[in-house]
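Below: one structure, written as structure tokens.
Chain letters run A, B, ... following the sequence lines, proteins first, then strands; residues in each count from 1.
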Amino acid sequence: MFSCPAPAIKRPEPFAARIPAGRRYHSAHDPPGHKQRKRQSNSMSQVVTRFAPSPTGYLHIGGARTALFNWLFARGRGGKFLLRIEDTDRARSTPEATEAIFEGLRWLGLDWDGDAVSQFSRVERHAEVAREMLEKGAAYRCYATQEEIQAFRDEAKEKGLPPLFRSPWRDKGPEDWPDAPYTVRLKAPREGEVTVEDAVQGTVTWKADQMDDLILLRSDGTPTYMHAVVVDDHDMGVTHVIRGDDHLTNAARQSLIYRALGWDLPVFAHIPLIHGPDGAKLSKRHGALGVEAYRDMGYLPAAMRNYLARLGWAHGDDEFFTTEQATEWFTLEAVNKGAARFDFAKLENLNGQHMRASTDAALMEALDVLAAAHKIAPVEGARREMLLEAMPGLKERAKTLLELHENAYYIFADRPLQIDEKAAKNLGADAAEMLARLTPHLRNASPWTSEKTEETVRAFAETEGIKLGKVAQPLRAALTGRAVSPGVFDVMATLGRDECLARIDDVTAGHAGAA
RNA sequence: GCCCCGUUGGUCUAGCGGUUAUGACGCCGCCCUCUCAAGGCGGAGAUCGCCGGUUCGAAUCCGGUACGGGGUACCA
């Protein structure tokens with residue numbers, strides 16, 4: 001795409017929640033034992049990671065980094081990177097958000113394997129597994145109502161006791177079951193310890209009595225997140241679960257489900273969250289921007305990948321690297337445990353470096369993407385040619401594409417130019433007269449190249465007995481309307497003789513010596 | 001409340017028992033120079049959260065503590 005080409009983005013089929021759940025998982029109809037064996041032999045050879053966002057809004061920067069880490073890990077090991085949309089919360093999930101997530105990942109260049117999976121489309125399978133657990137005695141029907149549970153918690157809180165609900169239905173049998181809706185709860189161990197071996201956090205241990213009998217299936221028969229993730233990750237053959245460390249405790253609870261089912265645990269890796277510049281956590285409701293916001297601000301995907309990867313992960317002292325290098329270098333062990341703050345200044349710097357490392361053509365394309373994002377027409381025709389020609393000088397001076405576009409004002413502007421304040425200071429009466437004297441020399445300069453115009457202007461400055469800067473600055477002001485621009489002689493070359501003379505004429509008109 | 005996790009210059013970080021504590025961003029100065037960038041050179045900025053312990057020796061190991069974060073739902 002840009003200087004650090006990301007693998008071509010596969011356009012997955014539009015998110016197909018309609019496809020019957022079983023179709024997507026060859027293993028869904030296999031007996032559990034078979035499944036497990038199959039995965040064991042498979043997991044040795046191939047890494048499978050996944051990104052599992054819930055479609056309740058745009059893809060925010062924290063989620064993007066989680067996706068990136070999963071992607072880097074899988075791609076660096078010839079593995080698969082899967083995408084699952086956790087849309088079981090029907091009230092908050094929207095197709096627009098799903099599309100925004102796809103769009104964000106595509107822009108970032110994080111391609112996923114196969115179709116995105118709708119978690120909601122798999123409710124049947126979730127229920128099926130819960131039923132299996134019921135039969136095995138690993139789970140039980142709990143008829144406690146939400147009111148009863150709430151009352152229990154209120155009382156526990158009042159007495160300063162742990163608010164863990166102990167269901168009275170845990171050891172009841174069919175003879176005790178009333179004719180009422182019930183939830184399916186995991187029969188979690190009450191003694192011993194639960195240990196999670198985390199690739200980032202290390203070994204983390206909890207006392208089993210800290211865990212409650214979590215609900216697998218709600219009383220309306222739908223699965224809870226805790227249950228659905230486990231079943232989906234297992235069925236999808238996920239070998240490495242890389243996600244935010246807000247899920248660390250969940251990993252312990254989920255490991256209980258894996259254990260009850262007799263399934264192999266994936267490798268867990270809980271990465272720290274990103275904090276805002278103020279140290280507060282960055283979240284959707286607290287300042288986290290969607291990736292498209294970064295696109296619109298003119299950052300390159302390659303720079304985003306570089307910056308995001310560097311946030312909380314390091315490969316020695318390497319700061320500026322390509323995506324290929326990152327995939328090659330990335331390991332879970334090198335991920336930091338502490339949260340990092342998002343720093344725009346550093347992102348900008350990195351973006352500038354990536355822009356400079358980009359080819360002119362690649363930047364032109366990036367500009368097209370930016371234009372499309374801002375819903376404005378792409379630059380075409382002669383101006384596109386000029387832009388391309390001026391690109392080397394432009395990209396050297398910009399930290400974002402937006403800045404580059406702004407600095408290319410002299411290419412897009414129509415005469416007469418808007419002379420800004422600082423430029424106007426370089427265009428007093430004396431300067432205008434001086435430029436008027438310069439005009440005939442420029443008219444005769446041939447060929448019209450930056451070398452020739454420079455030679456001409458330098459000679460002129462000498463005969464005038466002034467420093468080059470005294471000519472160059474007014475010239476720059478007349479030609480670009482600004483006090484800052486790429487080298488004036490390069491500007492002249494891209495603008496062409498006629499346009500240059502016309503612009504000079506615009507500011508010298510009415511002054512002595514005007515030609 | 002309880003349970004987990006974290007803490008190295010302003011920021012991101014290197015470090016993994018013995019270093020003048022690494023590099024980068026940002027900031028300041030100089031050079032280069034038609035401006036601005038880029039680039040080059042140099043500088044300021046960290047008693048490695050704090051207190052103990054282990055050790056001949058601790059940023060590195062152990063225990064406390066403070067602060068920050070996360071979790072504790074028929075949310076994900």
Side-chain angles (χ1 to χ4, degrees), chain A residues 52-54 56 86-89 91-93 119 142 144-146 149-150 153 156-157 160-165 181-185 196 198 200-202 204-207 210-212 214-220 222-226 228-229 244-250 252-253 270 272-273 275 277 279-281 307 310-320 336-350 352-353 356 393-399 407 422-423 426 454 457-458 461 467-477 480 482-489:
Chain A
S54 55
T56 55
E86 311 231 311
D87 52 358
T88 49
D89 186 338
R92 294 197 300 149
S93 301
Q119 185 162 69
C142 174
T145 65
Q146 295 190 56
I149 296 169
Q150 193 50 50
R153 290 216 176 89
K157 196 176 178 185
L161 297 169
L164 291 176
F165 180 64
Y182 59 89
T183 59
V184 175
R185 299 187 97 111
V196 169
D198 192 285
V200 171
Q201 307 289 339
V204 187
T205 305
W206 291 262
K207 297 263 187 306
Q210 289 295 323
M211 311 275 159
D212 60 0
L214 57 263
I215 291 177
L216 270 17
L217 248 38
R218 302 187 184 94
S219 49
D220 65 0
T222 60
T224 57
Y225 160 77
M226 215 60 77
V229 216
D245 69 8
D246 50 336
H247 285 286
L248 184 57
T249 326
N250 290 340
R253 312 174 80 199
H270 291 91
L273 270 18
H275 285 187
K281 77 168 170 177
Y307 180 70
R310 196 65 188 68
L311 212 53
W313 171 79
H315 180 261
D317 281 333
D318 292 305
E319 301 283 351
F320 175 77
N336 283 158
K337 293 189 187 182
R341 296 184 190 200
F342 194 91
D343 181 20
F344 267 101
K346 184 137 182 179
L347 205 213
E348 281 213 343
N349 173 276
L350 236 26
Q353 291 191 58
R356 271 173 264 138
L394 252 15
K395 70 184 178 190
E396 194 75 19
R397 276 157 257 259
K399 292 202 177 74
N407 293 343
K422 284 178 182 168
N426 293 327
E454 175 161 4
V457 173
R458 277 185 187 280
K467 284 184 154 183
L468 179 61
K470 289 293 178 193
V471 186
Q473 277 304 83
L475 198 48
R476 165 172 289 112
T480 70
R482 307 281 169 84
V484 172
S485 84
V488 256
F489 306 115

Once you apply a heavy-atom cut-off of 4.0 Å, does [X] come out as touching a base, just sugar-phosphate, or nothing?
X: A:Val204; answer: sugar-phosphate
X: A:Leu248; answer: sugar-phosphate
X: A:Arg153; answer: sugar-phosphate
X: A:Ala156; answer: nothing
X: A:Ser485; answer: base
X: A:Glu86; answer: sugar-phosphate
X: A:Thr145; answer: base
X: A:Asn336; answer: sugar-phosphate

Could you tell me whether A:Glu319 and A:Arg310 make a salt bridge, using a distance below 4.0 angstrom between a side-chain N and a carboxylate O?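 Salt bridge between A:Glu319 and A:Arg310, a charged N being under 4.0 Å from a carboxylate O: yes.
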
Pair A:Arg253 + A:Asp212, salt bridge at N-O below 4.0 Å: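 A:Asp212 and A:Arg253: salt-bridged.
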
Do [X] and [N] have a side chain to base donor-acceptor pair shorter than 3.5 Å?
X: A:Lys399; N: B:A37; answer: no
X: A:Arg397; N: B:C36; answer: yes
X: A:Arg476; N: B:C34; answer: yes
X: A:Ser219; N: B:C74; answer: yes

Tell me whether the OP1 or OP2 atom of [N] has a side-chain N or O from [X] closer than 4.0 Å.
X: A:Arg458; N: B:C34; result: yes
X: A:Asn349; N: B:G26; result: yes
X: A:Thr205; N: B:C4; result: no

Find the partner of [N]: check Watson-Crick (N1-N3 plus N6-O4 or O6-N4) and G-U wobble (N1-O2, O6-N3) distances, both under 3.5 Å, and reply none if neither fits.
N: B:A46; answer: none
N: B:A66; answer: B:U7
N: B:U22; answer: none
N: B:A76; answer: none
N: B:G39; answer: B:C31
N: B:C2; answer: B:G71

Find the distance [X]:[atom1] to [N]:[atom2] and express it as a whole number of Å.
X: A:Met226; N: B:A73; atom1: CE; atom2: P; result: 9 Å
X: A:Leu214; N: B:A76; atom1: CG; atom2: P; result: 12 Å
X: A:Tyr307; N: B:U13; atom1: OH; atom2: P; result: 8 Å

Closest to side chain of [X], choosing from [options]:
X: A:Trp206; options: B:C4, B:U35, B:C74; value: B:C4
X: A:Glu396; options: B:U72, B:C2, B:A37; value: B:A37
X: A:Phe489; options: B:A76, B:G69, B:C34; value: B:C34

A:Tyr225 and A:His247 aromatic ring geometry - parallel, tilted or perpendicular at 30°/60° bounds: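 It falls in the tilted class, 30° to 60°.
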
5' priority, RNA chain B, between A:Arg185 and A:Ala340 [closest heavy atom]: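 The answer here is A:Ala340.
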
Quick check on RNA chain B: between A:Thr249 and A:Ala398, whose nearest nucleotide comes earlier from the 5' end?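 Going by which nucleotide is closer to the 5' end, it is A:Ala398.
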
Does any N or O in the side chain of A:Arg476 come within less than 3.5 Å of the main-chain N or O of A:Pro486, such that one atom is a donor and the other an acceptor?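 Side chain of A:Arg476 to backbone of A:Pro486, a donor-acceptor pair under 3.5 Å: yes, one is there.
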
Under 4.5 Å between any side-chain heavy atoms of A:Asp245 and A:Leu273, yes or no?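 Sidechains of A:Leu273 and A:Asp245: in contact.
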
